Amino acid sequence: MAGKLKLYYFDGRGKMESIRWLLAAAGVEFEEEFLETREQYEKLLQGGSLLFQQLPMVEMDGMKMVQPRAILSYIAAKYNLYGKDLKERALIDMYVGGTDDLMGFILMFPFLSDEDKEKQRAVIVQKATSRYFPAYEKVLKDHGQDFLVGNNFSWADVHLLEAILMVEEKKSDVLSGFPQLQAFKARISSIPTIKKFLEPGSQRKPVPDDKYVETVKRVLRVYYDIKA
Amino acid sequence: MSGKPRLTYCNGRGRMEPVRWLLAAAGVEFEEVFLETREQYEKLIKDGVLMFQQVPLVEIDGMKMVQTRAILSYIAGKYNLYGKDLKERALIDMYVEGITDLMQMILVFPFSPPETKEKNLDSIKDRAINRYFPVFEKVLKHGQDFLVGNKFSWADVQLIEAILAVEEKIPAVLSGFPQLQAFKIRMSNMPTIKKFLQPGSPRKPPPDECYIETVLKIFKK
């Protein structure tokens with residue numbers, strides 16, 4: 001039943017990156033097929049592999065899974081990164097919902113015009129420092145534990161680290177004023193599986209560039225301009 | 001544990017409606033607090049009950065839950081509407097996420113500028129007929145009454161909600177989908193859902209001008 005675990009997406013972050021992070025954090029190896037041409041995408045469509053005609057798609061345990069949230073929940077549960085009971089799962093889901101919203105502001109960033117990019121950078125930093133980071137800073141401060149939920153490493157920790165690093169790429173000192181998050185970042189980054197993922201040569205993808213944007217637009221035939 | 005779940009939101013569908021549907025489908029009674037003024041909203045923020053300064057808020061089992069998906073997953077898990085194992089849960093999650101993408105288009109529709117409304121309506125129709133409904137029509141060809149595992153689940157509730165919401169905009173949208181037509185009738189006749197579909201239930205009507213004004217007033221930036 002187990003067998004290969006294969007990710008189908010562009011060679012870039014997008015909506016697949018959180019999945020790469022979680023698999024890596026769980027110490028799970030995976031293959032990747034990178035979409036570069038329209039033909040590859042149409043082949044997947046015609047083969048009926050994409051339930052809602054969309055990427056990302058992950059082949060695992062005999063399923064062709066789509067919808068990032070569904071994929072991530074499955075991985076989290078399978079590899080014991082989802083808390084010990086319903087209530088811990090609820091907390092993890094809430095926290096991941098927040099970091100998902102935050103990273104959502106960054107998702108469209110590469111596709112914006114230069115002028116909109118500057119505006120969006122300010123929005124990202126403002127949301128991070130006034131809405132999201134304070135919430136997680138408080139969680140960590142209130143319980144004083146190493147991890148966000150249940151004194152145990154979980155999906156919520158992986159997702160928050162990913163979000164922190166992404167926002168730091170937009171403003172390097174964004175964590176000043178958040179001492180708990182600074183300590184959290186150092187702690188989680190030194191967990192062996194994560195440390196490995198953060199090293200060069202891992203399957204972590206770099207900040208999206210123009211080539212990535214071109215590929216996505218070409219494969220998905222996006223002709224219109226994207227606004228934030 | 002504590003009393004009934006308590007929902008805090010505007011007096012309308014928005015992002016809370018799937019929560020109302022799921023609680024109702026599970027036969028769970030709940031209370032509602034309706035936001036009518038900016039001051040009420042600001043007080044909630046000041047009191048620190050909104051983790052990300054946003055509603056919906058659902059107080060349930062001693063938790064102040066935000067983030068709609070988290071709330072719905074908790075309710076589904078608690079009331080056995082989440083399948084029997086990890087793989088069934090994965091299917092339910094996939095189906096729910098797809099339906100949510102369609103519902104998102106309907107959610108934002110009332111707030112779109114008048115000149116884009118016709119185009120947006122066309123998009124909703126196109127997505128429903130060409131992307132989402134065909135998937136569930138095909139799933140139901142397995143001949144069972146419910147989408148996943150031959151058992152009533154969150155996915156069924158989400159789908160019936162979506163079907164009815166799309167039909168409000170595009171009345172004949174189910175023509176060409178016989179499985180979905182039968183599904184719609186079956187779900188509508190389930191006792192808890194039937195009750196929710198009757199007048200006087202907590203189900204909210206489609207958004208009107210007054211609702212839109214209230215939302216814009218409360219959440220203006």
Side-chain angles (χ1 to χ4, degrees), chain A residues 1 15 45 48 50-54 56-58 60-80 82-83 85-102 123 126-128 130-139 142 156 224, chain B residues 1 15 45 48-54 56-58 60-80 82-83 85-102 119 126-128 130-136 138-139 154-155 221:
Chain A
M1 194 165 83
K15 296 189 186 194
L45 282 175
L50 306 180
L51 188 66
F52 301 116
Q53 303 152 5
Q54 295 165 315
M57 191 267 280
V58 174
M60 68 187 303
D61 296 342
M63 298 181 287
K64 289 181 164 51
M65 285 199 73
V66 297
Q67 292 290 343
R69 191 60 80 84
I71 296 165
L72 288 162
S73 290
Y74 181 77
I75 294 167
K78 182 174 178 184
Y79 295 103
N80 290 312
Y82 220 164
D85 58 27
L86 218 57
K87 281 203 167 182
E88 286 194 356
R89 204 189 329 152
L91 284 178
I92 291 168
D93 279 339
M94 265 204 294
Y95 298 167
V96 161
T99 38
D100 205 37
D101 286 347
L102 176 56
V123 168
Q126 192 261 338
K127 293 282 192 212
S130 66
R131 174 172 290 186
Y132 296 101
F133 288 172
Y136 300 105
E137 181 80 3
K138 181 173 196 286
V139 168
D142 284 353
Y224 48 88
Chain B
M1 197 169 85
R15 295 190 189 279
I45 293 179
V49 298
L50 303 179
M51 183 171 183
F52 304 115
Q53 302 152 4
Q54 295 165 318
L57 166 70
V58 174
I60 182 170
D61 296 341
M63 298 183 286
K64 289 177 170 39
M65 286 200 74
V66 298
Q67 290 286 331
T68 316
R69 264 192 207 92
I71 295 164
L72 290 164
S73 290
Y74 180 75
I75 294 167
K78 181 175 178 182
Y79 295 103
N80 291 311
Y82 221 161
D85 57 27
L86 221 56
K87 281 208 166 177
E88 284 193 357
R89 206 195 319 158
L91 279 178
I92 291 168
D93 278 341
M94 273 200 282
Y95 296 164
V96 160
E97 289 295 300
I99 297 165
T100 301
D101 285 347
L102 177 60
K119 181 171 74 97
D126 173 60
R127 287 282 190 239
N130 295 316
R131 177 171 289 185
Y132 296 105
F133 287 176
V135 169
F136 301 108
K138 182 171 182 227
V139 168
W154 174 21
K221 297 219 176 24

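Naming convention: chains lettered A, B, ... in sequence-line order (proteins, then strands); numbering from 1 in each chain. Note that the structure is a prediction, hence the values are computed from the model and not measured.
Using a 4.5 Å cut-off between heavy atoms, D85(B) makes no contact with chain A at all. For chain A, the nearby parts of M51(B) are the backbone and the side chain; heavy atoms of each come within less than 4.5 Å. If you measure heavy-atom distances from V66(B) to chain A, the contacts under 4.5 Å come from both the backbone and the side chain. Looking at M63(A), only its side chain comes within 4.5 Å of chain B, counting heavy atoms on both sides. Contact of V96(A) with chain B is not made at all, since no heavy-atom distance falls under 4.5 Å.
Residue with the most contacts toward chain A among Q67(B), K138(B), R127(B): Q67(B) (heavy-atom pairs, distance under 4.5 Å). Between chain B and the residues V139(A), D93(A), I71(A), L86(A), the most heavy-atom pairs under 4.5 angstrom are made by L86(A). The candidate with the highest count of non-hydrogen atom pairs below 4.5 Å against chain B, out of Q54(A), M94(A), K138(A), is M94(A). Note on A135(A), P134(A), P68(A), S73(A): by heavy-atom pairs under 4.5 Å with chain B, the leading option is A135(A).
Here Y74(B) pairs with D61(B) under the side-chain hydrogen bond (donor to acceptor under 3.5 Å, both in side chains) rule; sequence neighbours left out. Listed by chain and residue number, nothing satisfies the side-chain hydrogen bond (donor to acceptor under 3.5 Å, both in side chains) test with N80(B) (two or more places apart in sequence, or in another chain).
By the 30° and 60° cut-offs, the orientation of the rings of F52(B) relative to Y132(A) is tilted.
Ion pairing between D101(B) and R131(B) fails under the 4.0 Å rule for side-chain N and carboxylate O. Ion pairing between a basic and an acidic side chain is recognised when a charged N comes within 4.0 Å of a carboxylate O; D101(A) and R131(A) show no such pairing.
A distance of 8.0 Å separates CD1 of I75(A) from CE of M65(A), quoted to the nearest 0.5 Å.
For the pair R89(B) and Y82(B), the cation-pi criterion (under 6.0 Å, within 45° of the ring axis) is fulfilled.
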